[in-house]
Q: 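I have a structure I would like to understand better, so I am pasting it below and will then ask my questions one at a time.
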Amino acid sequence: SPELRLDPDPRKQSKMPRQPDGGSGDGTVFRLAPFHYIHVLDGTTNITRIEIGPQTYIKQDNEKVVLGPERMITVPPRHYVKVQNPVMRDEKGNIVRETIGSIQQIKLRHAEEEIRLAQEPFPLYPGEVLQLDVTPLTVVMPDTALRLRATLDCTDVHGKVHVPGDEWLFKGPGTYTPQVEVSVEDTIYASIIRPNQALRIRARKELIDCEGNKRVPGEEWLVESDGAYLPDVAEEIVDYVDAIVLTDTNSLHLKALRTYTDKYGNVRRNGDEWLITIADTEAHIPDVYEKVIAEVQITTLSNRQYCVIQDPYNEKGKQVLGAKKLVKGPCSFFLRPGETLQKGIQNFYVLGEDEGLILRANEQFTVKNGKDVVVRAPGDRWMIKGPAEYVPPVEVEVVDVRKALPLDDNEGVYVRNTQTGKVRSIVGQTYMLTENEELWNKELPPDIEALLAKQQDVKGVGYNTGRGRGGDASSTVARVKSRVVSFRVPHNGAVQIYDYKLKKARVVFGPEMVLLGPDEQLTKLSLSGGKPKKPHEIKCLCLLLGPDFCTDIITIETADHARLSLQLSYNWRFNVDPTDEEQAAQIFSVPDFIGDLCKAIASRIRGAVAGVQFDDFHKNSARIIRSSVFGLDENGKVRDVFNFPANLLQITSIDIQAAEPVDQRTRDALQKSVQLAIEITTDSQEAAAKHEAERIEQQARGRLERQKI
């Protein structure tokens, strides 16, 4: 109400007199209604007194009304007000007055405050200030508390004495009655803890918690009781902690952050790691001294699987570092902290009749083989063959799984013995490598690799076409180097194979399939090709025996210095007996037999033509060339063949395909001469034919005349 709005400064109140509804006056007479009052200043004594109604007050000349009339303060039930500088009262509740000479004045408790609850209406004495207007008392609800702090020495409602700085809680439900020595710092609400949930609490100072445990500042713990939890004044809520639900297929990997005893009664040392499974609890709430490392899934093995656990735990629950443990299915288990699976979950080795296992012992152990006891030393290698089912123990390492290699009559592999280093070839049988054997890769020169990759039919290619040279091996399928090198020798062909170990060569005549041994290499032929012939144009592995032909272009010069270009074709063949090893080796004695025969024949022709005039050579070129190449026998006849005794090569015939002068003027003159000769021959034949026709016509006329006569 407007009557209760007092400025806390009395000097301001004296400067603003009001005329409320409870009283009236003309400045000298004040008619005070019940429950109203005024403050009167006596100018003689300079003391302010209070006048309370109902009464009619007549102001004297030396008096001055500094406040009022004002309505008394009424505090209803469950309300309070706060008064600053309250009047001092004795033990009986009477106001204490101070006497100075013959003058009395009310004694105040300066700089103090007073809480006044529901009571009869009361006035404010001079000097009192209404610091807090009528205010309802604070109602503290259930699961709620007020955090109080003592500002002066005081005693709470329970009779406990507090010193300045002490804090405590006023818990609901209840109505809090304020005290001037106590300040309300905060309102604290209870936290709801649901099932499978906990509250993480931290101590702000030394205390005894709700369970009777002594806590030191900074210590943390969990409260797991379901329902509402109201933290103590020295407690603070850090966070909610949810439980981790455990099933048959998962577990919890935990690590201790300090030495403590867990909720299951186990002593955990700092740094210890362990598993919590469904056998321990269905839902686990991690403690404040526990760190969740991971959620571990169950490991399940079927009846055809096994695994090897590294660093397993023994029966006493201690981890054995460096040890291994073999676990066979069917079973399910959790990997404990520090355990790992070597190579994961593996299947049983099921070996067929054509399969085997190469094993190696990593440490010494004993195994029973029927009635015999076999001791395996570290590093031993052995092999077991199928059909069988095998699970290697922890002392054994599976080096390799071997499978038998089915080989046809023309197939094979190179096998190397790892103990002796000897390499051999296995051909035409089903073979399984033993524990001391491995496949050996045979390396070949790149050009031979290219020729083998093409596997070309040499007879269809031919030497003189230039298509027999080696191609690019990268465009074909790469050769398996451990397979025996094979080469198909065509009909009427031969290849030379050199054994570097025996330092001996052998020749194979076709048709035949050649299989190279570990120390054998094919002889590569590099022949001349093109027109005219150029060296190293044709590269091949097979030597054709003929009969075949080659074409060459040579330049000759006659005795009268006429230069001619001849294109010649030679028919050749090798006159060799395949059953004679000496003759077979002799045909490979000349590396480039094409270039050799072309050079030899060209030399003979040039020598013969050099002593002949151009006209004679032009008329008798075939006879001159054949006689120069084949030579004459005792009877002066041209021989049939020209032999090369070095490699048993024979030239059976020579075909002159073209003969042209090299000089352009000579070529033009020769062409003109040929045309003139053709014209002369044509004219003579035409005249003879005409003469013959006239003769026949005259004879016919004569016979006709005789018939007429």
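This is a predicted model, so every value here is computed, not measured.
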Q: Is the shortest side-chain heavy-atom distance between Asp354 and Lys403 below 4.5 Å?
A: yes
Q: Just by distance, with hydrogens left out, do Asp655 and Ser569 show a side-chain donor and acceptor under 3.5 Å apart?
A: no
Q: Test side chain to side chain donor-acceptor pair (under 3.5 Å) on Glu395 and Asn362 and set out the steps.
A: CA-CA 5 Å; Glu395 301 87 0; Asn362 293 327; over 6 Å; no
Q: Do Glu435 and Gln419 touch side chain to side chain, with heavy atoms closer than 4.5 Å?
A: no
Q: Nearest 0.5 Å please: distance from the OH atom of Tyr431 over to the CD1 atom of Ile426.
A: 5.0 Å
Q: Decide yes or no for Val612 and Thr558: does some side-chain heavy atom of the first lie under 4.5 Å from some side-chain heavy atom of the second?
A: no
Q: Return all side-chain donor-acceptor pairs below 3.5 angstrom for residues 595-606, not counting sequence neighbours, or 'none' if the list is empty.
A:
residue: Arg604; atom: NH1; partner: Val629; partner atom: O; Å: 3.1
residue: Arg606; atom: NE; partner: Thr555; partner atom: O; Å: 3.1

Q: Mind listing the closest non-hydrogen atom pair of Met513 and Ser486 along with its distance?
A: SD-CB, 3.8 Å
Q: Is there a side-chain contact between Leu433 and Ile358, using heavy atoms and a 4.5 Å cut-off?
A: no
Q: Using only atom types and a distance under 3.5 Å, with no angle test, would you say the side chain of Asp408 pairs donor to acceptor with the backbone of Asn410?
A: no
Q: May I ask you to test the Val485-Leu515 pair for a side-chain heavy-atom distance under 4.5 Å?
A: no
Q: Side chain of Asp592, backbone of Ser528: donor and acceptor closer than 3.5 Å?
A: yes
Q: Under 3.5 Å, side chain of Gln583 to main-chain N/O of Asp577, donor-acceptor pair present?
A: yes
Q: Kindly indicate, with the supporting measurements, whether the criterion salt bridge (Lys or Arg N to Asp or Glu O under 4.0 Å) is fulfilled by Glu697 and Arg701.
A: CA-CA 6 Å; Glu697 183 181 2; Arg701 287 179 181 176; 2.9 Å; yes
Q: From Thr551 OG1 over to Lys533 NZ, what is the distance, rounded to the nearest 0.5 angstrom?
A: 6.0 Å
Q: Are Ile384 and Tyr349 packed together at the side-chain level, in the sense that at least one heavy-atom pair is separated by less than 4.5 angstrom?
A: no
Q: Report the relative orientation of the aromatic rings in Tyr414 and Trp440; use parallel for angles under 30°, tilted for 30 to 60°, perpendicular for over 60°.
A: perpendicular
Q: Got a sec: does the CD of Glu686 have more than 12 other heavy atoms crowding it under 6.0 Å?
A: no
Q: Let me have the donor-acceptor pairs involving side chains of residues 687-695, under 3.5 Å, with sequence neighbours excluded, atom names and distances please.
A:
residue: Glu692; atom: OE1; partner: Arg695; partner atom: NE; Å: 3.4
residue: Glu692; atom: OE1; partner: Arg695; partner atom: NH2; Å: 3.3
residue: Glu692; atom: OE2; partner: Arg695; partner atom: NH2; Å: 2.2

Q: Angle between ring planes, Trp572 versus Phe593, binned at 30° and 60°: parallel, tilted or perpendicular?
A: perpendicular
Q: Would you kindly say whether Ser565 and Glu660 are connected by a side-chain donor-acceptor distance under 3.5 Å?
A: no
Q: CD1 of Ile298 to OG1 of Thr300: how many Å apart, nearest 0.5 Å?
A: 5.0 Å
Q: At their closest point, which heavy atom of Ala646 faces which heavy atom of Ser589, and how far apart are they?
A: O-OG, 2.9 Å
Q: Is the backbone N or O of Arg402 less than 3.5 Å from a side-chain atom of Asp400, with the two atoms forming a donor-acceptor pair by type?
A: no
Q: Kindly check if the number of other-residue, nucleotide or ligand heavy atoms within 6.0 Å of CD (Gln657) is above 12?
A: yes
Q: Regarding Glu449 and Lys481, does a basic nitrogen lie under 4.0 Å from an acidic carboxylate oxygen?
A: no
Q: Please round to the nearest 0.5 Å and tell me the distance separating atom CZ of Phe509 and atom CD1 of Ile587.
A: 4.5 Å
Q: Have Glu437 and Asn417 got a donor and an acceptor in their side chains that come within less than 3.5 Å?
A: no
Q: Would you check if there is a donor-acceptor pair between the side chains of Asn436 and Thr434 at a distance under 3.5 Å?
A: no
Q: Looking at side-chain heavy atoms only, is the closest gap between Ile497 and Phe487 below 4.5 Å?
A: no
Q: Can you name the one residue among Gln496, Glu520, Glu581 that meets side chain to side chain donor-acceptor pair (under 3.5 Å) with Arg506?
A: Glu520
Q: Supply the atom-to-atom distance Asp552 CG to Lys531 NZ, rounded to the nearest 0.5 angstrom.
A: 10.0 Å
Q: Rounded to the nearest 0.5 Å, how far does OG1 of Thr652 lie from CG of Asn643?
A: 10.5 Å
Q: Any sub-3.5 Å donor-acceptor pair from Arg483's side-chain atoms to Val413's backbone N or O?
A: no
Q: With the side chain counted from C-beta on, respond yes when Leu405 and Met432 share a heavy-atom pair under 4.5 Å apart, and no when they do not.
A: no
Q: Using a strict cut-off of less than 4.0 Å between a Lys/Arg side-chain nitrogen and an Asp/Glu carboxylate oxygen, indicate whether Asp447 and Lys539 qualify as a salt bridge.
A: no
Q: Check whether Asn620 reaches the backbone of Arg623 with its side chain - one donor and one acceptor, N or O, closer than 3.5 Å.
A: no
